[in-house]
Amino acid sequence: MINAEVKKKFRAIVGDEYALDSDLDRFGYSYDSSFVPLVPANNPDMVVRPLTTEQVAAVMAIADEHGIPVTPRGAASGRTGGSVPLMGGISLSLDRMTNILELDEKNMMVTAEAGVRTIDLYNHCAAKNLFFPPDPASWKMSTIGGNVAENAGGMRAVKYGVTGDYVMGLQVVLADGTVVNTGGKAVKNVTGYDLTSLFVGSEGTLGIVTRALFKLIPMPKTRGTIRLMFGSLDAGCETVNRLLQENIVPAAAEIMDKTSLDAVARKRSAAFDPAVESCVILETDGEDQAALDAQAKRIAAVARECGVLEFQVAQSQAESDELWAIRRTMSSAVAALAPNRIGEDISVPRSAFPEVVKRIKAISEKHGLTIAVFGHAGDGNLHPSILCDLNNPEEAERAHHAADDIFAAALAVGGTLSGEHGIGITKKPYIYKALGEAGVKLMQSVKQSLDPKGILNPGKIW
Amino acid sequence: MNKTADEQLLLKAKDQVVQCDRCGTCLTVCPLFAFRDTERVSARGKNAITRALAEGGLRPTDEMLSAVDFCLLCQACVDSCPNKVRTDEAMIDVRQYLTDKAGGVGIKYKLLGGVMKRKALVKMGAAALAAARALRLGKLVPFGMAPEEFTRAKFLEAFAGPAALGRPAAPGSAVPSPAAKVAYFRGCGMEMMFPAAAAATRDILGTTTALIVRDNPCCGMPHLAHGLRGDFLALAKENIDLFADVDIIVTDCGSCGGTLKRFGAYLAADPAWRDKAAAFSGKVMDLTEYLAKVGYQPRAKVDVPVTWHDPCHLVRGQGIRQQPRELLKATGKFVELKEADRCCGGAGSFHIDYPDAAAQVLARKQANIEKTGAAIVVSGCPSCLVQLAKAAAASGGKFKAMHISQVI
Ligand SMILES: Cc1cc2nc3c(=O)[nH]c(=O)nc-3n(C[C@H](O)[C@H](O)[C@H](O)COP(=O)(O)OP(=O)(O)OC[C@H]3O[C@@H](n4cnc5c(N)ncnc54)[C@H](O)[C@@H]3O)c2cc1C
């Protein structure tokens, strides 16, 4: 609970309209896009929506003084409950900080506030022929603050890396309201600890990101899309692996199994050949059409050796948009197959992709639950989705066992719990297994020194 | 409505909203969220409220009713949703549920329901207007604008040049199936606010067929949207019976059309009405849909630029996008409107209930219209036309708003 006196102070900082505490408004900031149930609600006591770094700093100073928990929130598109205010207190929503402050074309860098939507930043840079590569499937709604906090990946990670690979510097408000600026435009920079990297992927537990400086690269001149259908998931994985070994690096290489395909077909009233067991969508890019054609030829040759059933090069922008729309809506379409979906985000060495998929299929049979599998074949990051009804206690039990088994399988093949969604609430139970006692302890001591009162996003990660 | 029916309604809404993945795609397309960006305004927020209500995590309150009421029902969220969650339908169901629970529709709408149900109303009786005024619904019937701006003669005078003036409507080039009995559905909004446009529709239809015109009651959309479901169903049944013997029912109102086409769906669970309702809905066509089918050629050419605003209930409600554009291209210089299918803020009676919000939604529409350089923005729904006429006035005469019947 925040007492009336303190609430008044928050209102004075951001303005009445942007400090919300009605029942319904508090409920609106109690959830994200994870499977953490809506009910019972994890309501914040107040939603605070600052417009400037100064306001964020002032809010933090008061929260620190009174020991009030603060949970940062971007667009709440997170998949692990990161922005859910588990301990009440303040939901600090950064979605009003939407200025793109500077596009430095000479240095190929852009500075933006935390609440800028990923796609808006991409388009802003693209207009100047500059490329901001990190593209989580949620880029239409996710914020760059959330992307930095989760070190979000995307389809193009296989060739271009993840959000963290582009962060050159950050403006961060610490737990006590101090504002620090890390990194900068100098490409080489080893002055002191790499604090920028410390905040990347810290899930809002170490500080509030208010600004980010990203490096950019020149926009690829042309792009192409290829869709491949296979009679088995293995053949799809094998193809992607072989491509990378032969130094044919697609800009994106996404794979989906039959269950996932059917989910999309249901929503888009499309139909697929019944022999198809997996689909791979590739993005290619290059200097010109001839380069794309050459790549497509080489890809086709490899795919044929792996037994591809259908090989289709998108002939128009519309066709390729349609193919990517299928992939971007996949996650939500799969979620709609059952009352609940426990979506995971394991990441394994690329070579272990077929093996872990095999193990997941066995887990699915063992527990009698459908598990849809799709993901980023190019970088070994996959999203097994357990379809279940959590209102049925017996099924819920089975679903949780299946999730345990999936994590165990990921660790067994040398992988890890999360490739891009973070730990948040939903993967907390597995953190010790993944990092070991010593690993978690070290993280806790980092947390302790940055946030001694434990007010920043309490209850997350471990 | 009894308790079990209430609970069923909530369950029906729940079936929709549990499909919501809370991904937030809808936040980026909602015309209301664009300027009032708190979570409860978004479709995701409304779906979450609905689910929590159905799962017992939230209690029905006035605050909740006002949250689910603050929705244009424009379906922009549905369109963009990966799972096609029908937030609009869920909102209609939840409004009904909360209304029954709390016993309080805006009393205004209970009265409005009574007025709209009276057949006399669609006859455009002065009495009905007086009644509406007595209920302080005056703003629903903007007297100031109807008479002059919206007559075909005025339109021709202004845009078509002297040659077109007074010329009788040329015989249509359409070839309707000679046997088909075609009826015109008289919409309340059209008859009350744009009688001249409604008359123009009948003229046009008259060139293609021996048009049947009857004293039909309201389609029931206002009732359905505001927690008067019982009235809606009664009106639906009355209409179904009234048009049982015709083959095609043409409407010049996007909202009426969207509603009439769903009678089948709304009565699917009622064995006595299911088949009749489905048959009825199968006969309904929007004016532009019908004219495209029969190959209608516009009566006069105009050489001013015209543009088209897609009514929500036409474009997303019925999937009609091309037909009106083709008709306008055949009439004059058609220019495409940016964000043509974005709601104008009319949304039935939304603009009366939330004038400030509607004005904000409209401002964006107006700016887009002005950018086209069109002299006329054309549409096919009275609720849109009321809004667009406001925009036209605010633009200081840069453009006019007209119903499509008055242009083609
Ligand atoms: C359909 C769908 C597809 C997705 N696809 C991908 C994908 O391909 N790749 C991927 O990586 N993720 C994906 N995600 C997950 C999610 O979109 C990302 O994690 C995204 O980065 C979250 O951004 P957000 O603005 O919604 O953050 P939120 O969900 O609001 O918050 C996420 C976390 O970041 C913290 N946070 C937010 N803003 C700040 C800030 N300014 N300072 C400090 N901490 C902050 C929050 O406290 C929370 O812990 C997907 C999600 C959905 C719904």
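To find a chain, count down the sequence lines: A is the first, B the second, and so on, and within it residues start at 1.
The shortest side-chain heavy-atom distance between A:Pro339 and B:Val18 does not fall under the 4.5 Å cut-off. Annotation: side chain of A:Asp23 is not in contact with side chain of B:Leu58 (no heavy-atom distance under 4.5 Å).
Sparse packing is recorded around NZ of B:Lys293, with 12 or fewer heavy atoms of other residues, nucleotides or ligands lying under 6.0 Å away. Around atom CD of A:Glu17, no more than 12 heavy atoms belonging to other residues, nucleotides or ligands sit under 6.0 Å away.
Contacts with chain B (heavy atom to heavy atom, under 4.5 Å) involve these residues of residues 30-41 of chain A, listed by number: A:Tyr31, A:Asp32, A:Ser33, A:Ser34, A:Val36, A:Leu38, A:Val39. Below 4.5 Å, heavy atoms of chain B meet heavy atoms from A:Ala76, A:Ser77, A:Arg79, all part of residues 76-91 of chain A.
Proximity to chain B (any heavy atom under 4.5 Å) is restricted, for A:Arg73, to the side chain, taken from C-beta onward. At a 4.5 Å heavy-atom cutoff, the contact between A:Leu20 and chain B is made by side-chain atoms alone.
In terms of heavy-atom proximity, B:Asp21 sits nearest to A:Ser332 at OD2-OG, 3.0 Å. Between B:Ala67 and A:Leu24, the shortest heavy-atom distance links the atoms CB-CD2, 3.6 Å. Nearest heavy atoms, B:Phe33 versus A:Arg117: CE2-NH2, 4.1 Å. Across all non-hydrogen atoms, the minimal contact from B:Glu63 to A:Asp25 is OE2-N, 4.3 Å.
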Item checked: Full working for salt bridge (charged side-chain N to carboxylate O under 4.0 Å, His left out) between A:Arg49 and B:Asp37 -> CA-CA 11 Å; A:Arg49 306 179 62 209; B:Asp37 56 356; 2.9 Å; yes
Note to self: Could you walk me through whether A:Ser22 and B:Arg40 satisfy the side-chain contact (heavy atoms from CB on, under 4.5 Å) test, starting with their C-alpha distance in whole Å, then the side-chain angles of each, then the deciding distance to 0.1 Å, before giving a yes or no?
What the structure shows: CA-CA 11 Å; A:Ser22 82; B:Arg40 64 147 86 175; 3.4 Å; yes
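Remark: A:Arg328 CZ to B:Cys23 SG distance equals 12.5 Å, nearest 0.5 Å. The structure places CE of A:Met141 at 9.0 Å from CG of B:Leu27, a figure rounded to the nearest 0.5 Å.
Across B:Met64, B:Arg44, B:Lys84, B:Arg51, the residue that shares the most heavy-atom pairs under 4.5 angstrom with chain A is B:Arg44. Ranked by heavy-atom pairs under 4.5 Å with chain B, the list A:Ala336, A:Ala263, A:Ala335, A:Ala338 is led by A:Ala336. The choice from B:Ser42, B:Gly57, B:Ala52, B:Ala48 that makes the most heavy-atom pairs within less than 4.5 Å of chain A is B:Ala48.
Applying the side-chain hydrogen bond (donor to acceptor under 3.5 Å, both in side chains) test to A:Arg96 and every residue at least two apart in sequence or in another chain returns nothing. In this structure B:Lys283 satisfies the side-chain hydrogen bond (donor to acceptor under 3.5 Å, both in side chains) test with no other residue, sequence neighbours excluded.
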